[in-house]
Amino acid sequence: MRKDPGNDPALQLVPASGRSRVFLFAITVGAPVLATMLGVAMGHVPTGESLWGTGHRGGDALVAMLAVALVMGAIALFLDRMLERHRLLLDAGGIEVATTFYRQRIAFPELKLDAARVVRLDEHPELKPLLKSNGYALPGFRSGWFRLRNWQKAFVATSDGERALWLPTSRGFGLLLQPRDPQRLLDRLRERVS
């Protein structure tokens, strides 16, 4: 798909916040390392012959914590890189949303732009994601497939903030997006189909 040369930064999705990244690190690295440390402190490390010989159980605990930190650090780095895949593209045929592990392309005729609107999610809680059916969620970040509070199916790409663009489609689901300027994106989409 050819990128729209007129695509300005205001049409792009709001990136994941620092708060989301800190939470990601805490649950993927901090919690497992802490659990390993607690397991060692409580004596739940298997006894027997140490890697370093008898009487060096502390060395095994250090190796276990380093191994956990390295493995979980690699996973955290991968998941953090996936947070960077959060973009929106427009071309002559439609709109493409790529977010973390998910991608959705919608042709302009499939968008119900007459029913599309910019909303504040605190004023329209029925459009807030409720259940993750196949998605990626962190505090302040949602990506993929969700059921909204009104039980509608939606492809979601949102970050911190309350203003979002609700785009119903003729394919049985809607798009809940959070571009930097939701109104400008809606205006651009309406220009494309008129």
To the closest 0.5 Å, what do you measure between [atom1] ([X]) and [atom2] ([Y])?
| X | Y | atom1 | atom2 | answer |
| --- | --- | --- | --- | --- |
| Lys153 | Thr169 | NZ | OG1 | 10.0 Å |
| Leu176 | Leu167 | CG | CG | 9.0 Å |
| Arg142 | Thr99 | CZ | OG1 | 12.0 Å |
| Arg117 | Leu186 | CZ | CG | 11.5 Å |
| Asp187 | Arg190 | CG | CZ | 7.0 Å |
| Leu165 | Asp181 | CG | CG | 10.0 Å |

Considering all heavy atoms, the nearest [X]-[Y] contact:
| X | Y | answer |
| --- | --- | --- |
| Phe146 | Ala137 | CZ-CB, 4.2 Å |
| Pro139 | Arg19 | C-NH2, 3.7 Å |
| Trp166 | Ala115 | CD1-O, 4.4 Å |
| Leu88 | Leu177 | CD1-CD1, 3.8 Å |
| Ser159 | Ala16 | OG-CA, 3.4 Å |

Check for a donor-acceptor pair, side chain of [X] on one end and backbone N or O of [Y] on the other, with a separation under 3.5 Å.
| X | Y | result |
| --- | --- | --- |
| Arg103 | Glu96 | no |
| Glu110 | Ala107 | yes |
| His86 | Ala98 | no |
| Ser17 | Ser20 | yes |
| Gln178 | Ala157 | no |

Are the side chains of [X] and [Y] in touch, meaning some heavy atoms are under 4.5 Å apart?
| X | Y | value |
| --- | --- | --- |
| Phe108 | Leu189 | yes |
| Arg21 | Pro15 | no |
| Met72 | Ile75 | yes |
| Leu79 | Leu83 | no |
| Gln104 | Phe173 | yes |

What about [X] and [Y], same hydrophobic cluster or not, with Ile/Leu/Val/Met/Phe/Trp/Tyr joined at side-chain heavy-atom distances under 4.5 Å?
| X | Y | result |
| --- | --- | --- |
| Leu185 | Val119 | no |
| Ile27 | Phe25 | yes |
| Leu127 | Trp151 | no |
| Ile106 | Leu113 | yes |

With a 4.0 Å cut-off on N to O distance, would you call [X] and [Y] a salt bridge?
| X | Y | result |
| --- | --- | --- |
| Glu191 | Arg184 | no |
| Glu126 | Arg149 | no |
| Arg105 | Asp91 | yes |

Polar contact flag, side-chain donor to acceptor under 3.5 angstrom, Gln183-Arg188: no
Ring geometry between Phe101 and Tyr136 (parallel below 30°, tilted from 30 to 60°, perpendicular above 60°): tilted
Candidate pair Leu89 and Ile95, rule side-chain contact (heavy atoms from CB on, under 4.5 Å), full reasoning: CA-CA 6 Å; Leu89 299 171; Ile95 183 172; over 6 Å; no
Matching residue for Val68 among Leu34, Val63, Val29, Val33 - test: side-chain contact (heavy atoms from CB on, under 4.5 Å): Val33
Identified side-chain contact (heavy atoms from CB on, under 4.5 Å) partner of Ser143 from the options Thr100, Val156, Thr158: Thr100
Verdict with supporting geometry, Leu148 and Leu131, side-chain contact (heavy atoms from CB on, under 4.5 Å): CA-CA 7 Å; Leu148 305 179; Leu131 295 175; over 6 Å; no
Centroid-centroid distance, Trp145 to Phe155, less than 6.0 Å: yes
Test log, rule side-chain contact (heavy atoms from CB on, under 4.5 Å), inputs Gln152 and Arg147: CA-CA 6 Å; Gln152 284 186 280; Arg147 287 283 177 179; 5.8 Å; no
Derivation of the side-chain contact (heavy atoms from CB on, under 4.5 Å) call for Leu13 and Val97: CA-CA 9 Å; Leu13 297 173; Val97 181; 4.1 Å; yes
